[in-house]
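For reference, the structure discussed in these notes is given below.
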Amino acid sequence: MELLPQIQNTMQINSAIFTMSARDLQAAPDWQHPEFAFIGRSNVGKSSMINMLSNKDALAKVSATPGKTQLLNFFVMNGKWSLVDLPGYGYAKVAKSEKINFNESVGDYIAHRENLRRVFVLIDSRLTPQAIDLDFIHWIKGCAISVAFVFTKADKQSPKKTQETIKTFIEQIPQSLAEVSPIITSSSKNRSGRVEILKLIEHDLKS
Ligand code: GTP
Ligand code: MG
């Protein structure tokens, strides 16, 4: 585990443009931009985070009703790299027998997208570790893609509570993944975590 320090200087976002929605990997844009995708259970705040990072209130569609984002949505940032807003898991109507209740096309995209550089896995900072998140994390560990964990909605509780959630969570995920994955606390409401996320993206773009 690595706790990122508060760093104030980060790259500017000069342009953030919604480019297209895709149903699956085959329909995804045919470009080589480094991509950074946001995943997590439905309603955790993925679309809100895209808006916070891009400094635009309504770039990605946000809703209090879970299941708002249904397609893979691609945004080009500064004309050079991309953010991808993914449908949440835990909402899609799939067979109960499927252990990992998330969109098959999302899994296919994460497992096979060649220009995907990192997946930001969003976790609700108010909740004890949920089976659905832990199942997903075990699955993504097998994908050999870089991950960062972002604990969202931190404005809704005390920093102490958020730290307790993070500690319990780390104890329950595979140690090898915890050791190499940055952990960031965020709030799309008060914009905390924005600098840390952009710093990490900037780092990935250089490496
Ligand atoms: P799906 O597309 O349905 O999977 O959801 P999502 O993960 O994209 O969540 P979305 O960004 O649409 O946010 C869901 C709800 O949570 C909305 O009502 C947001 O306003 C709210 N929300 C998101 N992030 C935050 C946050 O950091 N703080 C607070 N207080 N509310 C948030
Ligand atoms: Mg969404």
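Note that ligands are numbered from 1 as they come in the structure, with each ligand's atoms numbered from 1 the same way.
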Worksheet item: If you count the atoms of ligand 1 from 1 in the order shown, which ones are under 4.0 Å from a heavy atom of K46?
Response: 1 (P), 4 (O), 5 (O), 6 (P), 7 (O), 8 (O), 9 (O), 11 (O)
Practice prompt. May I ask you to identify, for D155, whether its side chain, its backbone, both or neither come under 4.0 Å of ligand 1 on a heavy-atom basis?
Written response: side chain
Discussion item. What I want to know is whether T152 and ligand 1 share at least one N or O pair that is separated by under 3.5 angstrom.
Written reply: no
Worksheet entry | Any donor-acceptor N or O pair under 3.5 Å, side chains D108, S105 | no
Fill in: Part of M49 with heavy atoms under 4.0 Å of ligand 1, whether side chain, backbone, both or neither
neither
Fill in: Distance-only N or O hit between ligand 1 and K153, under 3.5 Å
yes
Fill in: ring pair (Phe, Tyr, Trp, His ring centres under 6.0 Å) evaluation trace for F74 with F18
CA-CA 6 Å; F74 294 82; F18 168 70; 9.1 Å; no
Worksheet item: For the Mg ion (ligand 2), does an N/O/S atom of S42 lie at less than 2.8 Å?
Response: no
Worksheet item: Of all the atoms in ligand 1, which lie at a distance below 4.0 Å from a heavy atom belonging to G88?
Response: 4 (O)
Item to complete: Would you check if V76 and W31 make a side-chain contact, meaning some heavy-atom pair closer than 4.5 Å?
Response: yes
Discussion item. For a quick check under 3.5 Å, do Y89 and D135 share a side-chain donor-acceptor pair by atom type?
Written reply: no
Worksheet item: ligand 1 and V44, any nitrogen or oxygen pair closer than 3.5 angstrom?
Response: yes
Discussion item. Rounded to the nearest 0.5 Å, what separates atom NE2 in H203 from atom OG1 in T10?
Written reply: 12.5 Å
Discussion item. Same cluster or not: F149 versus L127, using hydrophobic residues (I, L, V, M, F, W, Y) connected whenever any side-chain heavy atoms lie under 4.5 Å apart?
Written reply: no
Discussion item. In terms of relative ring orientation, are F36 and F120 parallel, tilted or perpendicular, with 30° and 60° separating the classes?
Written reply: tilted
Discussion item. Within ligand 1, which atoms have a heavy atom of S187 less than 4.0 Å away?
Written reply: 27 (O)
Worksheet item: Hey, is ligand 1 close enough to K156 that some N/O pair sits below 3.5 Å?
Response: no
Discussion item. Just to be sure I read this right, does ligand 1 sit under 4.0 Å from the backbone of S63, its side chain, both, or neither, counting only heavy atoms?
Written reply: backbone
Discussion item. Pairs of nitrogen or oxygen atoms closer than 3.5 Å, one from G45 and one from ligand 1: do any exist?
Written reply: yes
Discussion item. Less than 4.0 angstrom from a charged side-chain N to a carboxylate O is my criterion; do E202 and K199 meet it?
Written reply: yes
